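Residue numbers start from 1 in every chain, and the chains themselves are labelled A, B, ... in the order their sequence lines are given, proteins ahead of strands. Treat the numbers as computed from the prediction; the structure is a model and nothing was measured.
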Amino acid sequence: MNILNIIQTKVSDALKALYQIDIPAQKLVINVTKKEFDGDYTIVTFPFTKQAKKRPDQIAEELGIFLVDKVEEFTDFNVIKGFLNLSISDSYWKHFLSDILNKKDFGKQGANGKKALVEFSSPNTNKPLHLGHIRNILLGWSTAKILKAAGFDVVRTQIVNDRGIAICKSMLAWQKFGEGKTPESEGMKSDHFVGHWYVNFETHFKEEYSNWQQTDEAKNVLSDKEVKPENVVEFFKKYKNEYFNSFSLLGKEAKQMLLKWEDQDEEVRALWNKMNGWVYDGFEVTYKDLGVEFDLLYYESDTYLLGKSLIQKGLEKEQFFQKDDGSIWMDLEDYKMDPKLVLRSDGTSVYTTQDIGTAHLRYEKHGTENMIYVVADEQNHHFKALFAILEKLGEPYAKGCHHLSYGMVNLPSGRMKSREGTVVDADDLMKEVITEAAKAANEIGALAGLPEEDQKEIFRQIGMAALKFFIIKVNPKKSMIFDPTESVDMQGQTGPYVQNAGVRCRSILRKLGEYDSSNLLDYTEIQAPEKELLQLIHSYPEVIQDAAKDYDPSHIANYCYALAKNFHKFFNSGLYVLKAETEAAKSFRAALTATTLNTLISGMDLLGIEIPERM
RNA sequence: GGCUGCAUAGUUCAAUUGGAUAGAAUAUCAGAUUUCGGCUCUGAGGGUUGGAGGUUCGAGUCCUCCUGUGGUCACCA
């Protein structure tokens with residue numbers, strides 16, 4: 001049994017025996033004792049004062065005497081105010097170390113029989129992936145891994161937004177101005193090529209718009225709307241969408257293309273397939289570079305009509321209501337939200353319609369009672385409404401839906417804006433961090449002896465670790481500032497710092513070779529740096545549980561950093577492994593090193609980060 | 001304006017979910033190594049946790065108000 005559980009049960013028993021207080025063991029909070037005090041674990045006794053009718057320090061004292069007397073794992077205690085600090089026997093720690101020494105899956109839970117589906121990435125197909133997608137993808141990937149480690153059967157998925165007006169813009173621009181060029185002919189990565197035509201469309205559209213502003217038609221609009229001369233510029237800025245829909249020739253063509261697409265027009269579909277194909281080829285490379293993959297893909301072109309029948313059924317059961325114009329809504333007053341449209345007056349679907357349909361489909365197909373949507377926090381309201389609707393429809397998985405909402409990634413200069421060209425491209429960014437890693441490694445020169453191929457692989461691992469760790473260590477719900485210079489840092493609270501700890505472990509173990517681990521139980525005096533490290537490793541299973549419960553990979557990142565830091569401290573503490581004073585000390589420290597390495601590998605793997613052999 | 005997040009060292013982030021003197025990193029300054037890898041370690045300075053009240057043994061954490069800031073309020077996705 002885990003020492004925390006032992007403490008909980010024993011304290012619960014003691015409270016009952018001493019004061020007739022009934023508190024379930026699981027409800028008792030056990031803290032790790034702060035460094036500046038003696039002891040391993042701390043119990044706070046203030047909460048018991050009312051029922052026990054005694055002073056907190058008195059309770060702590062009595063509890064301490066009782067526990068040390070009755071439980072063999074507790075060797076000593078001390079009391080400071082209402083804090084009871086318990087010391088755990090060395091024997092417990094040594095046996096713990098010996099138990100987990102060869103357990104590769106230490107910290108992970110066995111299958112719990114539940115299924116979870118994690119949806120992430122879900123890009124539009126009209127342009128390449130950028131920094132915002134990277135945060136999304138890393139969060140999704142890591143959350144999926146963490147849930148798996150916590151015992152869930154996980155399905156990783158994305159819904160590809162492959163249809164709509166945006167891709168039509170890219171298609172139209174290429175058709176009109178592309179002169180038959182291809183990614184190959186231009187030597188461009190194929191998703192960037194498609195993105196190029198999207199920008200090209202916007203350029204032409206802007207030109208058309210500004211020319212139009214000089215026409216009589218535009219002047220009529222201005223006088224109709226009674227726009228004052230000093231407000232004209234401002235007005236046209238806001239009028240852009242309206243212009244696109246009502247006057248623009250390019251807009252008209254793009255919309256016609258969309259209609260043709262919906263009518264299954266062969267030529268448009270062929271063009272659509274060609275351009276999407278380019279985008280997918282490009283995405284595949286980016287995903288591979290990021291080290292992620294999916295179990296299952298959904299395409300919006302397949303799912304956008306889903307949900308309608310569910311709405312019809314719901315309407316018959318009067319779960320929805322219909323307005324005079326034929327549009328269908330759900331009342332969400334009991335959730336303190338405004339009514340939500342689920343079907344347009346012309347009978348076509350909106351985003352919510354297909355989300356209802358897709359969720360239902362997924363549940364039918366996989367029986368996933370937990371669905372996690374990794375989507376930026378600008379859609380908080382949408383998901384709140386969606387989950388409320390699912391609940392009102394009586395969908396059995398509604399309670400298991402969770403929106404893993406994350407904040408925007410901003411640059412030191414402010415928000416990324418595609419119109420201003422400040423979007424940080426995913427491929428460029430990865431290239432840059434790897435280059436920086438190579439530069440730093442070459443300065444140190446530790447890899448000079450290795451073949452070039454091996455060096456390149458290590459540079460890649462280091463660069464990607466820097467980038468991934470920098471992003472994942474931040475609590476998802478907070479918006480973050482991405483400083484490119486800091487992201488490639490290799491020192492301090494970074495991925496490479498953690499990797500370095502692992503590489504040091506590897507180096508020691510490599511030099512050590514075979515050793516007899518059974519000796520470790522003979523080690524007599526565990527030193528403070530050793531115990532701190534061991535205690536931290538001991539808490540790894542709970543860290544995974546917490547991260548899974550909160551859907552928050554940043555817990556794991558912070559844990560890995562703390563573990564690496566503690567190992568570096570141990571490494572520099574004068575407690576040598578290879579030159580240990582006794583065989584028992586050597587075995588103990590070797591086992592400690594091996595276990596640290598194992599935990600670092602496991603934890604970093606949950607973040608999608610590798611630990612190289614050398615660096 | 002309504003709703004909803006966020007606000008912690010100069011900067012970037014933590015804080016075991018209400019517990020002890022709020023911790024790391026970075027930057028600055030000062031130190032450590034005949035030793036398992038210097039992408040390491042030790043130390044110093046740096047804080048009225050945006051402000052004001054409240055709840056209680058105890059508040060960065062919970063409640064109220066205020067200030068600042070982001071998101072959202074489409075028959076877009």
Of the listed nucleotides ([options]), which one gets closest to any side-chain atom of [X]?
| X | options | answer |
| --- | --- | --- |
| A:Ile481 | B:U72, B:U12, B:C36 | B:U12 |
| A:Tyr561 | B:C39, B:A77, B:A24 | B:A24 |
| A:Ile462 | B:C39, B:A77, B:C6 | B:C39 |
| A:Lys511 | B:A77, B:A20, B:C36 | B:C36 |

Nucleotide N/O to protein N/O under 3.5 Å, stretch nucleotides 40-44 of chain B:
residue: B:U40; atom: O2'; partner: A:Arg504; partner atom: NH1; Å: 2.9
residue: B:U40; atom: O2'; partner: A:Asn572; partner atom: ND2; Å: 2.7
residue: B:C41; atom: OP1; partner: A:Tyr497; partner atom: OH; Å: 2.6
residue: B:C41; atom: O4'; partner: A:Asn572; partner atom: ND2; Å: 3.2

Remember a base hit wins even if backbone is also touched, and classify [X] as base, sugar-phosphate or nothing at under 4.0 Å, heavy atoms.
| X | result |
| --- | --- |
| A:Arg415 | sugar-phosphate |
| A:Val350 | sugar-phosphate |
| A:Glu300 | sugar-phosphate |

Practice prompt. Output the residues of residues 574-583 of chain A in contact with RNA chain B, where contact means a heavy atom of the residue under 4.0 Å from an atom of the strand; sort by number or write none.
Written response: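 Residues of residues 574-583 of chain A under 4.0 Å from RNA chain B: A:Leu575, A:Tyr576, A:Val577, A:Leu578, A:Lys579.
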Worksheet item: Which residue pairs pass the ring pair (Phe, Tyr, Trp, His ring centres under 6.0 Å) test when at least one of the two sits in residues 45-64 of chain A, sequence neighbours left out?
Response: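 Those involving residues 45-64 of chain A do not exist here.
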Fill in: Between B:C41 and B:U11 - C1' atom distance, rounded Å
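24 Å, rounded to whole Å.
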Worksheet item: Dot-bracket for RNA chain B: what is it, with Watson-Crick or G-U pairs under 3.5 Å, [ ] where a pair crosses earlier ones, and | for a pair to another strand?
Response: (((((((..((((.....[...)))).(((((.......))))).....(((((..]....))))))))))))....
Short heteroatom pairs, N/O only, protein and nucleotides 15-17 of chain B, under 3.5 Å:
residue: B:U17; atom: O4; partner: A:Asp550; partner atom: OD2; Å: 2.3

Worksheet entry | Test item: side-chain donor near acceptor, A:Glu530 and A:Tyr523, under 3.5 Å |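 A:Tyr523 and A:Glu530 do have a side-chain donor-acceptor pair below 3.5 Å.
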Worksheet item: Hey, which of these two, A:Thr352 or A:Arg510, hits RNA chain B nearer its 5' end, going by closest nucleotide?
Response: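 The residue whose closest nucleotide sits nearer the 5' end is A:Arg510.
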Short N/O separations, protein against nucleotides 56-62 of chain B, under 3.5 angstrom:
none

Worksheet item: Under 3.5 Å, side chain of A:Thr45 to main-chain N/O of A:Gly82, donor-acceptor pair present?
Response: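 Side chain of A:Thr45 to backbone of A:Gly82, a donor-acceptor pair under 3.5 Å: yes, one is there.
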